[in-house]
Amino acid sequence: MSEEKSVILVTGGSGLVGQAIKTVVDEERKLDTERASKETWIFCSSKDGDLRDKAQTDALFDKYKPTHVIHLAAIVGGLFQNMSHNLEFFRENMAINDNVLHACFKNNVKKVVSCLSTCIFPDKITYPIDETMVHNGLPHPSNYGYSYAKRMVDILNRGYNSQHGCAFTSVIPCNVFGAHDNFSASAAHVVPALVRRMHDALGAGDPTFTVLGTGKPLRQFIYSLDLAKLMIWVLRNYNSVEPIILSVDEDDEVTISDVAEAIKKAYGYRGQIVYDTSKADGQFKKTASNKKLRSLYRDFTFTPFDEAIRETVAWFIQNRDHARL
Ligand code: NDP
């Protein structure tokens, strides 16, 4: 980023990733006052403007006149929410992305970093997945609406880049978890869903804890604060339209059963974990390679999984009353 003053607008700033970026930025601003004096960060939620609506999106850009944008706002949900709302996930995310990226273009925003996801990659694919494979085949049927809308962000980025020279790029995070996640019983991703249900099981004194599915699928999980640091690094240092995967290493992949055990340990729950194998597992694995990230930022240290789970559980215990449930 340049020496001039920057206004960095974070869409989706009230969500899991947005609040993690805010935490990291707030810490950094205390340590680096010179940078802080040159950067204004604005974290927006849907209350500041519904980005599905073009006029409201344009009004938000008129108000803040951002020089840089981290575009996180999206309709996001877990497996079961996706399966029943593929049409809405497609239409609403398409509208949000088209409105935001076109507003960035019209306002001469210098750099935009948008968010794709490892779950949008083709279902039938060779492993490990890398950044060149985004468009190589059909996504998993459970989340085709979300996947196609996200894939179109890459198409928009390439169009604005090749026709207008815009520095619009995207990151591809693996599964994210941490403070400020959505802990709703019906819409949550697997980590917050299990945290919330373990919390409730403990409160109710249940002797067994049921995990939906076999517990066998493999996933890479990134702690929201680690993703936040990496996204800020991308905003400042990564200068290509090509997406970049932001994920823990392939060796750090864990099973859903490992996740349940880590949460059980964090809570000190003494009951038994059982698996409801009549429920869907989703894609068995989607191992992504972070080789590109490692080639550009070799020394980045990820928070160990158990430690990040402990911090997330501690946050939920402290904040359950005003968490998203
Ligand atoms: P959250 O669901 O936690 O937050 C979503 C954010 O988007 C909120 O700030 C929400 O505002 C905002 N938003 C939703 N709809 C609108 C709208 N119509 N207009 C304006 N703002 C809106 O999402 P995450 O933080 O988990 O995800 C951030 C990004 O990362 C997303 O693009 C997601 O696709 C991507 N991603 C997430 C992963 C994950 O595991 N969570 C994995 C990979 C990628 P409000 O609070 O007002 O509702």
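Ligands are counted one by one from 1 in listed order, and the atoms in each one are counted from 1 as well. Values in this document were obtained by computation on a predicted structure and should not be read as measured data.
Residue pairs meeting the side chain to side chain donor-acceptor pair (under 3.5 Å) criterion with at least one partner in residues 160-174, sequence neighbours excluded, are His102-Tyr160. A salt bridge (charged side-chain N to carboxylate O under 4.0 Å, His left out) check over residues 204-228, counting only residues at least two apart or in different chains, returns nothing.
Listed by chain and residue number, the protein contacts of ligand 1 are Gly12, Gly13, Ser14, Gly15, Leu16, Val17, Ser45, Ser46, Gly49, Asp50, Leu51, Arg52, Leu72, Ala73, Ala74, Ile75, Val76, Ile96, Cys115, Leu116, Ser117, Tyr146, Lys150, Pro173, Cys174, Asn175, Val176, His189, Arg324 (heavy atom within 4.0 angstrom).
Salt bridge status for Lys54 with Asp98: absent, with no side-chain N to carboxylate O gap under 4.0 Å. Here Asp130 does not pair with Lys291 in a salt bridge; the nearest charged N to carboxylate O distance is not below 4.0 Å.
Ring orientation note: the planes of Phe316 and Phe183 are close to parallel, at an angle under 30° on the 30°/60° scale.
Evaluation of the salt bridge (charged side-chain N to carboxylate O under 4.0 Å, His left out) rule for Lys22 yields Asp26 as partners, not counting sequence neighbours.
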